Every structure is written in C-alpha cells, then in structure tokens.
Amino acid sequence: MARLTHPKRALSTNPLKSSAPLGAALAYLGIEKSVPLFHGSQGCTAFAMVHLVRHFKEAVPLQTTAMNEVSTILGGADQIEEAIENLRKKSSPKFIGIASTALTETRGEDVPGELKEIVARRTDFAGTKVVYASTPDFDGALQDGWAKAVEAIVGALVPRVTERDPNLRQVTLLCGSHLTPAEIEELVRMIRAFGLEPIVLPDISTSLDGHVSDDWSGTSQGGTPLEQIEAISRSAFTLAVGEQMRKAAQMIEDRAMVPYRVFQSVTGLKPVDAFVRTLMGLSGVQDPPPSIKRDRARLIDAALDAHFHTGGLKVAIGADPDLLFALSGALTSMGAEIVTAVTTSQHSPLIERMPCEEVILGDLGDFERSARDHGAQILLTHSHGRHAEHRLHTPLVRVGFPIFDRIGAQDACRVGYRGSRAFLYEIAGTVQSLHHRSRPEDFGAAPIAEEFEHVPHATRH
C-alpha cells in the first residue's frame, strides 16, 4: 500500500497540476455545439485558454462572465444572465457549461439557485441547455473538475426512469480526463468490433481530434449530441474508464437503473483483457473477433521484445491519479520499478493502490528532487517536465496535459491492445536511445575506484 505524503514548504515550483475549472471546460467541450463558460474574472479564463490552445493547437470557444470588483461584492447573477444572452446571440450554442472559479467560490454565491431563477424567468433561453458545476481552483486538479462536470451533465440531462426498456446493443462509455481523442477512438473501435454501439460521454474524439471543419462556428466542432445523452437511460450497460467516473456511473444507475463497471486502467495486457471479457459478456459472443485476437497476440510479442529494456528500469512519473495508476501499473507489470510518483489530487482512492511505496502530492520541483535522489532512468510527465529532463540529463516521455512542445498530442494512444503495444515500444525505444558506456560492474566486477582503495599506497604508482 502506497502512502501519500505532502511536502511542507511555503513555495511551489513548476506546478504539476492544472486547475479543476480547466478540467470542467475540457469535459464541456466534449458536448456537441457547446460553449464552456467560466464564472469568474477574465484572467482565470485567459490562463485556461492558453493551456487548451497550446495543447490541442486548435481554436477553443472558452468564454467568461468577466467578474469585476463591483460584481464580485454584489453578486454575479447579472453577469451570468448577460453572458448567456450574448453567447446565444453570437454563437447559438445548444449547450452552455458553467464552471465556477476560486473568485466566486470564495465569495459563496448560490449559483444553482440563481441559475434556476434565470432560466425560469428567461423563456427565450429555452432552446439552450445550461449546466453548472462547482469547480473551485483551490480544491482538486484537472481530473476532479472533469468528473464534476460529467456528474453535472448526467444530473441535468439523463432522465429518470421508473421502468427499464434497454437497447441491448447500446452501451454508455464514460471517459476520464486522462484519455486522449485517439484513445477514445480506440475504445470505440473495440466496442464496435463486438457489435455494440457506444454513446460516448464526453466525446472529445470528435471535437478536439484536430480536423478542419467546412465552416467556422463559435461552438465546439463535434462532441456528444444532446439527444444521445438523453438516450443513455436506455443503455444496457455503462463502461466507466477511470476511477474518476465512478460517481457519474453510479448516478446513471440511480436515475436509469443501468448497471456499470469501472475500469481503473485499460493499459497493459491484464486490464485490457478484463475490458474485452466484459464486452464478450455484453455482446454474447464466445470468441473475440479476429482483429481483437490478433491485436492481443501482437501485444504479447511486443512485451517479449520490450521486457529486455523495461526489466529493472527505474521510472519517475508525475500525473493525475488515474493516468498515474494506469501507466505505472503497465510499467511494473513489465518489470520496471516506480521510484518516484508525484500526483495532483488527494481525492482518489487509487493512491493507496499505486505500485510504489510513496506517492507525493506535490509539484515538479518535488518530482525532480525525488527522481534525482532515487536515480530515475526515465521520466514520465507533461511538457513542463522538460526542465527536469535538461537538468538531470534523463529522457522524458511526455504524458498527460499539457503537451505544448510537441505536435500531435491528441493522437497519442496508450490504451487497448494496440495502444499498450505502442506504449511499450515508446518506453523501450527511449531506453534504447540512451548511449551506454560499459563499466566493470556491468559484468559483475567491483568498481575500479573500490579496487584502487585496497592497493597499498606504495604500489599505486
């Protein structure tokens, strides 16, 4: 069982985590024709906008209620109403997702109550779904904000039912914030290979996958249609990927009596096998499709090839809890050792199950110090880890969010049989690229310095 430690110091250097409102905005962008709206100052929105644009290399329709000194004191209900009205006039969104910030959370506004009054009074807002999630910057990280946004969407848009009328070929796929657009596409491909049709929530694989649209729009360019979210109540099963999606899956079960299973990882042979076995049970097939069986055989071959380079490898990883658990589990199954694990949020039960002795709730300063002290041979974190890479002269594999110094972050895939194979090759290839100069201890001999110490002083020359 890993223990969680929180270094006590007055200064944070090179932060690892992204904020909860940013995570909520990212989830809202997975809804068709949506606009995320930050309830706070313009500065809060500007920082989130920079992160999203640098990572995805796309225009992001992120808006703000632009709170000022007066509205912060008197309340921001008027700002919310005005923002919704302006967005409807300029962009005609079908969905507006509101995320709170530290500014409004600290003041303690009753936004749900104010929003309910606004929607009831403004009948002209009827054509737009408006959802609110409480996501203060000072509590949690990106995956916590994403989870709260998905829970808010489920609570507002999935209808309650009293009788089950399931479509036995339809399943719901709840995607955690750690999944890239390419990873969501891979999971959808696997589900469809079994003859099942998934409803993906949220679906950034069609909105942030990096495509050129036929026309410009001030809303998200893709995502889960609102009518599909309403149809979730007829799904036969819910597949939740990431521990962060457990509460949303429970909410769907409570509202629509849809059973669920949480997959805490879909990276590595055993976790993907568990995912495939569930799909076999849902589809009623006794034997997986040939494409799935071949992908599994290729992953096993990749593991045989890569284990020469991953066995005994000392790894330092810094990421949100769900991504940290998935990647570290896959690496330790290949014989690697997690010598440094740094995470962003204490709100995950997975922390105790991390395959290491200690998980640090800290920043990339803690990550760099621990990696140096424990002799890490490879680093895994996002683009801000490049400073540690430079100072430690240790290779960096970029994972998580944000990745802004490489293009194609949305196409990285490390889930399923195919993605797991690519991940093993990525790690083994990085290890192979390191130049190694053989030393006596590599062949079982004592280090030269130790042998030299035992030579009599008079004979050393």
Side-chain angles (χ1 to χ4, degrees), residues 24 27-28 30-34 94-98 112-113 115-116 119-120 123 125-134 146-176 179 184 187-206 222-264 266 274-286:
Y28 289 145
I31 308 300
E32 185 183 49
K33 292 188 70 66
S34 70
K94 291 183 179 179
F95 177 92
I96 296 175
I98 304 176
L115 188 60
K116 184 177 181 180
V119 173
T123 56
F125 289 179
T128 303
K129 298 291 185 181
V130 183
V131 171
Y132 169 79
S134 174
W146 173 289
K148 289 180 179 179
V150 176
E151 292 158 16
I153 293 169
V154 169
L157 302 182
V158 175
R160 292 186 178 275
V161 298
T162 56
E163 294 183 3
R164 281 283 282 153
D165 180 26
N167 178 351
L168 298 180
R169 309 310 294 178
Q170 175 182 300
V171 297
T172 300
L173 177 64
L174 293 180
C175 299
L179 296 180
I184 296 174
L187 294 178
V188 168
R189 183 195 69 84
M190 294 180 67
I191 293 170
R192 286 178 174 160
F194 287 86
L196 302 171
E197 188 59 32
I199 293 178
V200 183
L201 181 69
D203 189 5
I204 63 172
S205 72
T206 56
T224 311
L226 293 178
E227 55 270 20
Q228 283 196 8
I229 300 177
E230 295 175 358
I232 284 176
S233 60
R234 293 199 61 216
S235 291
F237 200 79
T238 298
L239 304 164
V241 180
E243 182 64 32
Q244 62 189 281
M245 291 291 95
R246 183 178 295 276
K247 186 175 179 180
Q250 290 174 339
M251 290 177 64
I252 293 174
E253 184 181 55
D254 293 340
R255 300 177 72 86
M257 296 178 284
V258 180
Y260 70 91
R261 178 174 177 180
V262 177
F263 298 89
Q264 295 164 337
V266 281
F275 187 72
V276 168
R277 280 194 298 270
T278 300
L279 295 179
M280 290 173 63
L282 292 172
S283 61
V285 302
Q286 299 298 318

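Positions are given from 1 along the sequence. Since the model is a prediction, treat every value here as computed from it, not as a measurement.
- A 4.5 Å side-chain heavy-atom check between Phe194 and Met280 finds at least one atom pair inside the cut-off.
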Side-chain donor-acceptor pairs of residues 150-163 under 3.5 Å, sequence neighbours excluded:
none

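- With rounding to the nearest 0.5 Å, the separation of CG in Leu282 from CG in Leu168 is 10.0 Å.
- Leu187 is not listed as a side-chain neighbour of Leu239, based on a closest heavy-atom distance of 4.5 Å or more.
- For the atom pair CD1 of Ile96 and CD1 of Ile31, the computed distance is 13.5 Å after rounding to the nearest 0.5 Å.
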Contacts table for residues 229-237: side-chain donor-acceptor under 3.5 angstrom, sequence neighbours left out:
from	atom 1	to	atom 2	distance (Å)
Ser233	OG	Glu230	O	3.3
Arg234	NE	Asp165	O	2.8
Arg234	NH2	Asp165	O	3.3
Ser235	OG	Gln170	NE2	2.9
Ser235	OG	Thr172	OG1	2.8
Ser235	OG	Ile232	O	3.4

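- By the ring-ring contact (aromatic ring centres under 6.0 Å, His included) test, Phe263 pairs with Phe275, sequence neighbours left out.
- In this structure, the side chains of Val171 and Pro198 come closer than 4.5 Å at one or more pairs of heavy atoms.
- Applying the side chain to side chain donor-acceptor pair (under 3.5 Å) criterion to Ser134, with sequence neighbours excluded, gives Glu105.
- Taking Thr206 as the reference, Asp203 meet the side-chain contact (heavy atoms from CB on, under 4.5 Å) condition, with sequence neighbours excluded.
- Across all non-hydrogen atoms, the minimal contact from Pro259 to Arg164 is CD-NH2, 4.3 Å.
- Ala149 pairs by the side-chain contact (heavy atoms from CB on, under 4.5 Å) definition with Ala24, Ala27, Tyr28, not counting sequence neighbours.
- Within the model, atoms CG of Leu174 and NZ of Lys247 stand 14.0 Å from one another, a figure rounded to the nearest 0.5 Å.
- To the nearest 0.5 Å, atoms OH (Tyr260) and CD (Gln250) are separated by 3.5 Å.
- The stretch residues 251-262 participates, sequence neighbours left out, in no salt bridge (Lys or Arg N to Asp or Glu O under 4.0 Å) pair at all.
- Side-chain contact between Met245 and Val262 is absent, with no heavy-atom pair separated by less than 4.5 Å.
- A distance of 8.5 Å separates CG in Asn167 from CD1 in Ile199, rounded to the nearest 0.5 Å.
- In this structure, Gln264 and Glu243 have side chains that are in contact, with non-hydrogen atoms separated by less than 4.5 Å.
- Scanning for side-chain contact (heavy atoms from CB on, under 4.5 Å) contacts around Arg189 gives Glu186, Ser291, Ile292, Asp295, Arg418, with sequence neighbours left out.
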